[in-house]
Engineer: 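After the structure tokens below, expect a handful of questions from me.
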Amino acid sequence: MPCGAMAVALPAVVEELLNEMAAAVQESARIPDEHLLSLKFVFGSSAIQALDLVDRRSVTLISSPSGRRVYQVLGSSGKTYLCLASCHYCSCPAFAFSVLRKSDSLLCKHLLAVYLSQVTRTCQQLSVSDKQLTDILLTEKRQET
Amino acid sequence: MAETLRRVLSRGSAACSGEENAADVGPPLLLLGAPGSGKTALLFAAALEAAGEGRGPVVFLTRTPLQRLPCGTRAALDPMRLQKIRFQYPPSTRELFRFLCSAHESSGPAPSLLLLDGLEEYLAEDTGPDESSYLAALLLDTAAHFSDRIGPDRDCGLAVAFQTQEEPDSGDSLHLALLQRYFPARCWLQPDASDPGEHRIRACLEPGGLGPRTEWWVTFPPRGEMTVTPWHTRAGDPSSDKGSRSEGHP
């Protein structure tokens, strides 16, 4: 869950919205319209794209016996991106540009899709070995260069 | 690790509040200063502090082995504590990545503190902003994973030392801007120019929105122990000057 004593905190409004959505989904198994509206208000077009990614089950939670986990999101272009929920990191160019360089603290659509799919419990799950998880994390590094 | 560092500094100055919650490590901390400003010594003091708390081993990452143990408080330098500090020397950025990416493969008790000295050396190896960003993210993710392994009540702290130049260049400031997104707490170390013989450093700890900025003088006398004296606590003091730092001594 995107909450707790994490280093890089989501803006309070985002955390609250996600918490409310989680509570609402537990009751009615779908995201209430008012929350969808709030999402669109806060995130603009990223919200629609993120919801689309969630609908298409594009988010996969990859975990290993160690308990460490990463998320892979299949983007609309067919490319997969790696997301680290612990520190709100995504390997996509939009993240690099808008979140870091412009110091804009809102999320890219992939990270938003990760958190929404956590809330709606629609992540695909993939279990890998500890070594495979190491490779997945390392491969990301190689792709950067 | 901001809280651990604050305890080190408070304890050193005997100005400790007494109601410290030792389990609270605080947010990841960036230690910044020019060469010789005491970053390694402070990281090492934090390592000894955490080792003394007995909550798990401390991992100290640095590119080159320390030539000698940095001076610290004599009481803290006991062999039982030193034994709990695991030094690792990743020789390259690639090896540092490998260490972080495979951190979950290790068995045994999870570290209670992860320290990295000399991040600027790894970033200087031709790393672009994307790679630097991923490295910072992995540092946080590794500490988060250790925190999960430790248990629900405690976290693994994280502190990274980054050497700044006397004259900042554009490469430096780009890296700093990236890093500051990931490290909400910062401690700036500034040598005191007014008395170079004494090798005194001003340490300014900003815990990242969770508390007031606090400052100390840290002195490294030529022989013997590092000593810490409080400088001036900012918040909560209505008469304090909240603008630029006052010049001169308190």
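Each chain gets a letter, A, B and so on, in the order its sequence line appears, and its residues count up from 1.
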Engineer: Does NZ or CZ of B/Arg63 fall inside the cone over B/Tyr122's six-membered ring, less than 6.0 Å from its centre and within 45° of the axis?
Structural biologist: yes

Engineer: So which part of B/Ala103 gets closer than 4.5 Å to some heavy atom of chain A, the side chain, the backbone, both or neither?
Structural biologist: both

Engineer: Rounded to the nearest 0.5 Å, what's the gap from NZ on A/Lys131 to OG on B/Ser102? Could you check?
Structural biologist: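 Separation between the atoms: 8.0 Å.
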
Engineer: Against chain B, work out which of A/Ile136, A/Leu84, A/Val70 has the most heavy-atom pairs shorter than 4.5 Å and name it.
Structural biologist: A/Leu84

Engineer: Counting only non-hydrogen atoms closer than 4.5 Å, does A/Ser129 touch chain B with its backbone (N, CA, C, O), its side chain (CB onward), both, or neither?
Structural biologist: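 Contact with chain B: none, neither part.
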
Engineer: Would B/Ile150 and B/Asp155 count as a side chain to side chain contact (heavy atoms under 4.5 Å, CB included) here? Give the steps.
Structural biologist: CA-CA 7 Å; B/Ile150 288 178; B/Asp155 283 340; over 6 Å; no

Engineer: What part of B/His104 gets closer than 4.5 Å to chain A, counting heavy atoms only: side chain, backbone, both or neither?
Structural biologist: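 Both backbone and side chain.
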
Engineer: Heavy-atom distance under 4.5 Å to chain B: side chain of A/Leu82, backbone, both or neither?
Structural biologist: side chain

Engineer: Hey, mind stepping through A/Tyr71 and A/Gln118 against side-chain hydrogen bond (donor to acceptor under 3.5 Å, both in side chains) and telling me if it holds?
Structural biologist: CA-CA 11 Å; A/Tyr71 288 88; A/Gln118 282 179 330; 2.6 Å; yes

Engineer: Please flag which part of B/Leu135 lies under 4.5 Å from any non-hydrogen atom of chain A: side chain, backbone, both or neither.
Structural biologist: neither

Engineer: Are A/Tyr115 and A/His110 close enough that their ring centres sit under 6.0 Å apart?
Structural biologist: no

Engineer: Are A/Lys40 and A/Ile48 side-chain neighbours, meaning at least one heavy-atom pair lies under 4.5 Å?
Structural biologist: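 With C-beta onward as the side chain, the pair touches.
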
Engineer: Checking heavy atoms, do the side chain of B/Asp148, its backbone, both or neither come under 4.5 Å from chain A?
Structural biologist: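 Side chain only.
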
Engineer: With a 4.5 angstrom heavy-atom cut-off, could you sort out which part of B/Ser107 is near chain A: side chain, backbone, both or neither?
Structural biologist: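 Contact with chain A is absent: no heavy atom of B/Ser107 under 4.5 Å.
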
